[in-house]
Asker: 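Sharing a structure, written as structure tokens. Questions coming.
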Amino acid sequence: MGWTWQVLWRRSGAQRGLLFPVLAVAVVGAALLGTFQLLLVTSENRAVDVALEREPAQTREVDSRIALVDPTLGRQAIAHASAAFDQTIGSVPADRSTWYASAMYTVDGTSDPIAPYVYAASYPPLAANSRVVTGAFPTTAEDSHGRIQVAVPTAAAKAYGWRVGSVLHVAQASTNRDRLFVVTGTYDLRGAKQLWTRDVLGGATHTSGYPVIGSGGRLMTQAWGPLVVAPAAFTAGQVTLNEAHFVAQPHVGGLTPGELSAFRARLGDASGVLAAATKDDLLGGFVRSDLPAAIDSAAADLQVTRVGLVIVELMLVAVAVTVLLLAARLLAERRAAEQTLMASRGASGRQILGLAVLESFVVAALTTLAAPFLASWAYRAITSSGPMTAAGLHDDPGLPLSLWLACGVAALVLAAVLLGPVLRRRGSVVDAEQQLIRQDSRGGVARTGADLALVVLAAVALRQLQQYRSPVLSGVGGFGSVDPVLVLAPALVLLAGAVIALRVMPLLARVGERVAARSRALVGSLAAWEVGRRPGPAAGAVLLLTLVVGVGSFAQTFLATWRASQQDQADLAVGTDLRVVSELDTPLEAGDVLQDLSRVRLASPVVDRTVTVGSSSESQVASTTLLGVDTTHADDLLRGRVGGGWGARTAALHPTAHLQGAPVPGAPTALALDLRSDVTPKLAGVLYSSLVVQDRLGARTTFDLPAVPADGGQRDVVVRLPVAVRGLQIVGLRAYIAPAAEDTDVLEATAGNVALNVSLGNVRAITADAADLAGHDGSSLADVDPADITPVPLTDVRWTALGHETEGSAPSLVSLETQDGAIRVNDQIEPFQVAAGGQGFVAVAATDTPSGFHGVPALATPGVLTDLGAAVDDELTVDLGGAPVRLTIVGTVPYLPGDPHSNGLLVDSTSLARQALIGSSVDPLVDEWWLQVPDADAARAATAIKDHHVGRVSSRAETRADATDGPLHTGIQAALWIVTLAALALAVAGFAMSTTVAVRTRRLELARLQAVGVPRGGLVRSVLLEYAMLGVLGLVAGLVLGTFLGARVAPLVTVSSAGRPPVPGVVIHWALPAQATLLGLLVVLVAVVIAVTTNAALRRASGELLRLGDER
Amino acid sequence: MTTTAAVPAQAATTDAMVRVEGVSRTYGSGENAVHALRDVSFTIAPGELVALVGRSGSGKTTLLNCVGGLDRPDAGRVVVDGREVSSLGESGLVELRRDVVSYVFQTFGLVPVLSAAENVGVPLRLRKLPAPVREERVRLLLDLVGLGDHTNQRPGEMSGGQQQRVAIARALANSPRLLIADEPTGQLDTATGQAVMALLRAVVEAEGMTAIISTHDPLMMSLSDRVLHLADGRLVDA
């Protein structure tokens, strides 16, 4: 063993009491940083897996859809598309299925005015989500006679009298190629609507308004399906394939980050790969999946969380390094006499440095060996309870290489810190002695320069952070890069604030000395002198406490502010308690379910869509969001922080008039009515008409009536209602004439207007089981018990009929009269408008005549006004599916609930619907349902809605919980708590070490004081008072610093999940109880540690000790 | 609890300031035992200046520490100003050091962060004297030791002789009845040492105190009223 090792070994043994705390602090510091490393990498990668696995199945789905250009290429297209899909999915585990649907076939031999359509399909979920009523699903493509075997929906079977064995003569609608279908069974579809989103009719099995191929959308007919066939009918090419879906549900939970990234890239390229593989086969093909967006969103979330973690980690590094510096300084002071002695005995600076390097290396090695185990244990402890467990992040991280590296680097940095004072202390023996008493002036100048540089750097970083308003920069491709200066800014401000506090310390110490000079007592004076005249250890203690209190205060403020902001963002993003996008066919069905849910206090239909809006004054057009809500219940319904509250904000939007239609008695299953239309001159075209029915929730549903010839004959038509609901009103009727091809000549020859006369009366509510109604005309009522038929008087309502609005002019009033329980409308239309198709009128049940057409009051976001060059009181025109609706801007709103990042217009849904109907739009204007539900009941209500297969639900409570405690977000909270508790622990360890070394270093001095009569208790009190003075200084400075960081930095590092400034803006939450608890705990722990340590370390004065003289 | 209550009333009336009776002190045990003092007995009268001489390791410092209450004898007893030091508790020892005994150490024993005046003022602060009174007394003491112009200097800024004079001034600050000085000139050059010795002799006479000083210095021996010779832990005749 060489000289250096011998000295090191013996000295370590002799000074183990000093080295052990230093090593302990190094291990704890490195382990904390290692724990952050695990949070940063291991936990966050797992968080992505968990987050993606928790996404709804629809989001994780990958759907490759192909549509054929040439039906004869079906088999080839399937093979090519399948291969391309295999390439996209690769080796990722996935549940896969293939859906086939045919082109439309016309069915010959029915009584419908226009031949109805049917389509064949083979859907994997059919077997498990249907009920076979008669017969069976086909198992082979054809029967022995070469006929395609099909199972038909019971609704179609009833409408056309099909049964098992019936043969359907069909022709492919676009090619007129004939086929024979033979019925093998009848069935009813079951399951949620979202199961059938790939179905041509969305699982409805029937529509009365399917556009007739080749009519340009003017003619509609009945369409039925799917007619279930065996998959072989498509793969063998016996049925004309129209489209196919290759569907996969990948299981991405077990993928490594690299595999996930590669899969994300393949998904991005999937449509291109599909197009390349099938370019000669397809009319169109694309791969649709929300998974790439979910992966990107998770990656963005991860990046933002990591930025937050790094910000917090850097602060912890500052505290840990400070503790180590404190240890190093104390160690150096303890070693000063020894080094002086060695130097005076001829040891070179290199030898002294070598000894210190060796000692630091040993400390680093021991730290590197111990810290990873401690970090792994700490991580398991942190994730074993609370939000981390709830977020699915409890895991045994093991001892990954990254952890060893993190701990190793941390240990080396900490070891280097230990070397710092040794490198500085290179003067003469006399210099070394003098440094014990007085600050070196050159060192003071250097420190001042370094402090100034730090303050300037912090100011620049803070300024930059304020300018960018986020530590995350948006990159070229959207979310992106991280600016190191911005991430460092909080730690720099923390350090700069701490050094400023240190600059204040001498001023206060001088005051203390003056007080001490005038004091009679010794104890307080000794403490004041010690603080004022040994600035090194005092500064270390103050620096540590300032940093700890500053970090702890900031961490708690940041935590509370961050949580509140995430919840505010979640509130505003969802906009209401529960947000439902219905997948049911009609608002009537959705309203029926939602209004009966026991936990739902209020259910309201909402318009939320992108519209084209034009400014009349500036002739500018923009695309913007239109949000229509029930403003009379704004405070109950709308969520998200806004100045003044949503109720007051939207007061100006309240509707002044309501639709009051013809009440429908009972809970009808169908409506029957007599419909007669007559056109002059006579045309071969048909009349299309729709009834607009409003339910008790104010949701309107439009029911298309069967098309009838405009021949003057009266037809008794029946429209089935999807659900039997009480409280319905008929609020509107729209009718238009669709000319036939042969009418063109007649219309061209017409000199005057075309007279369209429509009579609608004898409306009856049918309460019999709708399944018993065989058809769509009055004959279907033949078997209905008369007791189940109740008249609906239309003539008690004030009706207004309006023609179509043209070129922005107000719609003209059309002659309407009520007589004999019927309403009769006489419309005059110019021939060229009839020829263009779709011309007619709308009859609206309204309380007043819409003369003047005041615009619907609207609130606009500032962006809309900027885009349109509009201002408050200006009028805008919104295009609602071809129906122009005028809006009047009555004020502004900073953002829209439910869509805070878009420019938009906020209106009252009732006012908008009324005005849209007047504008001849029979669009139900129900895009979503917003529900008021207490938070405690939200989860159960959401489950009930899903159980009723209403549609997709967004829960504010769930979004709030995910925003704060979700797998991708909870890490920041864990980090803030870790840094708070770690700061506390490091403060306790630092003060224990500081006190131990201080008392040991001064033990001779303290013994001398005892020898002149100072009681030991007085000396203990003196040390306590000394640290109390430092403590008060550190606490005050730390609180000021923490408050500054909380006020200036916390709002800037509190960002959205995309790393942008949050909407709504950040409100600072000071978390005063948590801060008070933290400070109280800190004061108590530090006081106890100092008292215990001092009492233990301060020995009774003895001759033996006093004889040690100046040997330290 | 102890202390002054245990002081026998008649002891206070005896004329000896220091009475050492059969004191023994051994460090360690077994083969490694070091017998620092062996059955030492002597008395010192009030106002007497006694020089304690002997070679290094003869037990001088151990004896002074036992007299001053910094160490406890294994056997025998030490009575100072009527107080049996060896049986005093912590508070009794504090009181003894504060009111009766003062030390002057070979290594000066000054607090490095305090100025000369502040060091001298420490014992006065223990008595909670008003600041003006304390400052006046400090000034007098520093003038007495010839350091009236060095009141604000700290020990590190003074020579060894100056530091020892500050230590003497501090030792005199509370007007002790017994001054114990352990080789006060051990770290000083001859001239400075002689000056310090002369100063000690002078202040002992001036203040009327008793002093026991361990020294190798012949001058000090010559200035003392009596010389005690210590060899291998025993008092021997000169």
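In what follows, chains carry the letters A, B, and so on, assigned in the order in which the sequence lines appear, proteins first and then strands, with residues in each chain numbered from 1.
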Asker: Heavy-atom distance under 4.5 Å to chain A: side chain of Leu114(B), backbone, both or neither?
Answerer: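 It is both, since atoms from each part get that close.
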Asker: Measure distances from Arg170(B) to the heavy atoms of chain A and classify the residue's part below 4.5 Å as side chain, backbone, both or neither.
Answerer: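 Just the side chain, heavy atoms under 4.5 Å.
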Asker: If you draw a 6.0 Å radius around CG in Asp232(B), do more than 12 non-hydrogen atoms from other residues or ligands fall strictly inside?
Answerer: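 For Asp232(B), atom CG is not crowded (no more than 12 foreign heavy atoms under 6.0 Å).
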Asker: Can you name the nearest heavy-atom pair linking Arg125(B) to Ser525(A), along with the distance?
Answerer: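 Closest approach of Arg125(B) to Ser525(A): NH1-OG, 2.8 Å.
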Asker: Highest number of heavy-atom pairs under 4.5 Å with chain B: which of Gly1017(A), Gly532(A), Ala521(A)?
Answerer: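 Ranked by heavy-atom pairs under 4.5 Å with chain B, first place is Ala521(A).
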Asker: Taking all atoms of both residues into account, what is the closest heavy-atom pair of Arg520(A) and Leu129(B), and its distance?
Answerer: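 Scanning both residues completely, I find the closest heavy atoms to be CG-O, 3.4 Å.
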Asker: Where do Ala517(A) and Ala131(B) come nearest, in terms of heavy atoms and distance?
Answerer: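 In terms of heavy atoms, the two residues are closest at O-CB, 4.4 Å.
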Asker: Start with the C-alpha distance between Val111(B) and Arg1008(A), add both sets of side-chain angles, then the distance that settles side-chain contact (heavy atoms from CB on, under 4.5 Å), and finish with yes or no.
Answerer: CA-CA 8 Å; Val111(B) 179; Arg1008(A) 286 167 179 166; 5.6 Å; no
Asker: How close do Pro1015(A) and Leu126(B) get, heavy atom to heavy atom, and via which atoms?
Answerer: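 That closest heavy-atom pairing would be CD-CD2, 4.3 Å.
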Asker: Quick check: closest heavy atoms across Ala1011(A) and Phe105(B), and the distance to 0.1 Å?
Answerer: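 That would be CB-CZ, 3.7 Å.
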Asker: Rounded to the nearest 0.5 Å, how far apart are CZ of Arg533(A) and CD of Glu118(B)?
Answerer: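 Answer for the CZ-CD pair, Arg533(A) versus Glu118(B), is 3.5 Å.
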Asker: I'd like to know which of Leu96(B), Leu64(B), Val122(B) tops the heavy-atom pair count under 4.5 Å against chain A.
Answerer: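 Going by pairs under 4.5 Å, I would pick Val122(B).
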Asker: Tell me whether Arg97(B) contacts the main-chain N or O of Val1012(A) through its side chain, where contact means a donor paired with an acceptor under 3.5 Å.
Answerer: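 Side chain of Arg97(B) to backbone of Val1012(A), a donor-acceptor pair under 3.5 Å: no, none is there.
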